[in-house]
Amino acid sequence: MLLTHKENLLKASWLLPSFLSLFLFGSSVKAAAIANWHFDSNRNHLDFTTDENVQPKVQLLTNPTRLVIDLPGVTLGYPQTSQRVGLVIKDISIGQFNPQTTRMIVTLAPGYTFDLTQVKLQEESLNHWSVQLPKPVPLTATQPKYLEITPSLSPKVSDNSTLFAGVVLMHSPIKVLEPQIKALMNRYSFLKTGMFFLDLDTGDYLDIGGDRVFPAASTIKLPILIAFFQDLDAGKVTLNEMLTMRRDLVTNGSGIMQYERVGKKYTALETITKMITISDNTATNMIIDRLGGAARLNQRFRSWGLKDTVIRHLLADLRGTNTTSSQDMVRVLALVVNNKLVSLQSREQALDILRHTTIHTLLPAGLGKGAVIANKTGDIGFLIGDAGFVTMPNGKRYLAAIFVTRPYKDSRGRDFIRQVSHLVYDYLNQLNPVAALNSPNTATR
């Protein structure tokens, strides 16, 4: 992301010695490929993930000042690329340093450096690291020549607590709702369901078959959208670039792009918007293609910790070979709303697109007046599903995902989801309003 403001550059009359070292060590090295990376210039925050855990090594070099992050045992898998940032932090680049090492470089303008004591390496998970960079400072004669820092590891929790997706401290199951939900399930015994709801402010959750694997249908478009915004943050795609609707990407099912002439061009922003708001299958195939194909996206999904979310077939996947689970969908949303996958700007743009979906008959149908949901539905006749981020009028926020297999196009599947959504909403609406986002009952990292 480009910086939009100007900063004055200071001239230095001398330079530091030609080499400063900063070593930060993580977990053991394994052969791996880098799955994705992005730099948020608004926060000076760098994120990178691989398909296996790695041991990052960070060095600070001068002439010019560069923060170098080596990833031993990691293969980049694509040509060297860079992202222009601004006047002081000039750019971020990534390339294959040698056959065994991928190197990321943060380049500063002449006369600037980083305060090494403020550079923070955070282990978000076994294969997800972040580097928080401080504000660059002018070079001074007191700059340390060597410093070793222990990385911040994943937070430890008590034996009775679990961090969901590494970001939400799960508290207690919502047992009071289980008899009502199970009574509904008995009434609709011809349906097969899996659901997962998570209160972001208390950590309380409802998990009934949340790890059960279902056909993803169009809910697969939710993680595809987030992957696009990750690449946008990394400078690999732009919103204004033109995408061509090739014949091999045109498909049937939902959407209107299939009726346009082959070869028509759309901006990437138009394409992702149609993919979500009207669930356009052709638009989805164009985005899958632009992001490198299903295999690369599946690798990305694994790096996020998604166990069940797999693209096996381009859209329209009417046989349901693409899969996911309620827990996976909630995991993606939890990572997004806690700023672990994309920048703040990309998060808000992605959620805004999700708030403008046109199908409101599933989770949205059970919400009260004034509630806002950013969600994506899926429907392939014998299966329907929905996943979303709900903000209630009282300030409470929760995540929801539910899937139902049903007799083909049986409307009672939709009624079941609406009633479950209503039960959860009513229960959470009876609780005390949220005083602040940083409630002591909320734990994120």
Subject >> Basic-acidic side-chain contact under 4.0 Å: Asp231, Arg300 >> reply: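 Yes, Asp231 and Arg300 are salt-bridged.
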Original post:
Ion pair present between Asp47 and Lys340, side-chain N to carboxylate O less than 4.0 angstrom?
Top reply: no
Would the number of heavy atoms belonging to other residues, nucleotides or ligands and lying under 6.0 Å from [atom1] of [X] be above 12?
| X | atom1 | answer |
| --- | --- | --- |
| Arg43 | CZ | yes |
| His360 | NE2 | yes |
| His422 | NE2 | no |

**OP:** Verify ring-ring contact (aromatic ring centres under 6.0 Å, His included) between Phe164 and Phe196, making sure each step is shown before the conclusion.
**Re:** CA-CA 12 Å; Phe164 180 78; Phe196 193 77; 5.1 Å; yes
Original post:
Going through the checks in order, is the side chain to side chain donor-acceptor pair (under 3.5 Å) test met by Asp207 and Gln327?
Top reply: CA-CA 8 Å; Asp207 182 1; Gln327 284 190 5; 2.9 Å; yes
Pairs in or reaching into [range]: which pass salt bridge (charged side-chain N to carboxylate O under 4.0 Å, His left out), with residues at least two apart or in two chains?
| range | result |
| --- | --- |
| residues 67-77 | Asp70-Arg103 |
| residues 89-102 | none |
| residues 270-279 | none |

**OP:** Using salt bridge (charged side-chain N to carboxylate O under 4.0 Å, His left out) as the criterion, list what pairs up with Lys264, not counting sequence neighbours.
**Re:** Glu260
**OP:** Compute both the distance and the angle, then confirm whether Arg406 meets the cation-pi test with Phe416: under 6.0 Å from the six-membered ring centre, within 45 degrees of the axis.
**Re:** no
Under 3.5 Å: donor-acceptor pair, side chain of [X], backbone of [Y]:
| X | Y | answer |
| --- | --- | --- |
| Asn298 | Ile311 | yes |
| Arg418 | Thr361 | no |
| Arg347 | Val337 | yes |
| Gln96 | Leu76 | yes |
| Thr102 | Val74 | yes |

Can you measure from [atom1] ([X]) to [atom2] ([Y]) and round to the nearest 0.5 angstrom?
| X | Y | atom1 | atom2 | result |
| --- | --- | --- | --- | --- |
| Ile220 | Asn322 | CD1 | CG | 5.5 Å |
| Gln349 | Leu344 | CD | CG | 11.5 Å |
| Thr107 | Leu67 | OG1 | CG | 9.5 Å |
| Leu351 | Phe229 | CG | CZ | 9.5 Å |
| Gln55 | Trp129 | CD | CH2 | 8.5 Å |
| Leu363 | Phe197 | CG | CZ | 5.5 Å |

Listing, residues 178-188 side-chain donor-acceptor contacts under 3.5 Å, not counting sequence neighbours, or none:
from, atom 1, to, atom 2, distance (Å)
Gln180, NE2, Val176, O, 3.4
Asn186, ND2, Lys182, O, 3.3
Tyr188, OH, Gln419, NE2, 2.7

**OP:** Only counting residues at least two apart or in another chain, list the ones meeting side chain to side chain contact (heavy atoms under 4.5 Å, CB included) with Ser82.
**Re:** Ser93
**OP:** Kindly indicate, with the supporting measurements, whether the criterion salt bridge (Lys or Arg N to Asp or Glu O under 4.0 Å) is fulfilled by Asp328 and Lys307.
**Re:** CA-CA 7 Å; Asp328 269 12; Lys307 299 177 181 178; over 6 Å; no
Closest non-hydrogen atom pair between [X] and [Y], with its separation:
| X | Y | answer |
| --- | --- | --- |
| Thr49 | Ser303 | OG1-OG, 3.4 Å |
| Ile278 | Thr358 | CA-OG1, 4.2 Å |
| Phe48 | Pro56 | CZ-CG, 4.2 Å |
| Gln258 | Gly253 | NE2-O, 2.8 Å |
| Ser325 | Asp308 | OG-OD2, 2.9 Å |
| Leu333 | Phe389 | CD1-N, 4.2 Å |

For [X], ring-ring contact (aromatic ring centres under 6.0 Å, His included) partners two or more places apart:
| X | value |
| --- | --- |
| Tyr205 | none |
| Tyr398 | none |
| Phe403 | Phe214 |

Original post:
Heavy-atom distance under 4.5 Å between the side chains of Gln230 and Trp304, does that happen here?
Top reply: yes
Subject >> Those residues that, when tested against Ser130, pass side chain to side chain donor-acceptor pair (under 3.5 Å) (two or more places apart) >> reply: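 Checked Ser130 against side chain to side chain donor-acceptor pair (under 3.5 Å); matches are Glu124.
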**OP:** For Thr277, check side chain to side chain donor-acceptor pair (under 3.5 Å) against everything at least two apart and list the hits.
**Re:** none
Original post:
Without hydrogens or angle criteria, can the side chains of Arg312 and Thr323 be said to hold a donor-acceptor pair below 3.5 Å?
Top reply: yes
Original post:
Between Asp379 and Leu362, does a side chain to side chain contact (heavy atoms under 4.5 Å, CB included) hold up when you go through it step by step?
Top reply: CA-CA 11 Å; Asp379 183 349; Leu362 300 179; over 6 Å; no
Subject >> From CA spacing to verdict: side chain to side chain contact (heavy atoms under 4.5 Å, CB included), Leu269, Asn240 >> reply: CA-CA 7 Å; Leu269 178 58; Asn240 294 324; 5.7 Å; no
Please report, to 0.1 Å, the donor-acceptor pairs under 3.5 Å made by any side chain of residues 279-291, with sequence neighbours excluded.
from, atom 1, to, atom 2, distance (Å)
Ser279, OG, Ser218, OG, 3.1
Ser279, OG, Lys221, NZ, 2.8
Ser279, OG, Lys376, NZ, 3.0
Asp280, OD1, Thr282, N, 3.0
Asp280, OD1, Ala283, N, 3.0
Asp280, OD2, Ile256, N, 2.8
Asp280, OD2, Met257, N, 2.9
Asn281, OD1, Lys221, NZ, 2.8
Asn281, ND2, Asn252, O, 3.1
Thr282, OG1, Thr251, N, 3.1
Thr282, OG1, Thr251, O, 3.4
Thr284, OG1, Asp280, O, 2.8
Asn285, OD1, Leu315, N, 2.9
Asn285, ND2, Leu249, O, 3.1
Asn285, ND2, Leu315, O, 2.7
Asp289, OD1, Arg246, NH2, 3.3
Asp289, OD2, Arg246, NH1, 3.0
Arg290, NE, Glu241, OE2, 2.5
Arg290, NH2, Lys236, O, 2.9
Arg290, NH2, Glu241, OE1, 3.3
Arg290, NH2, Glu241, OE2, 3.4

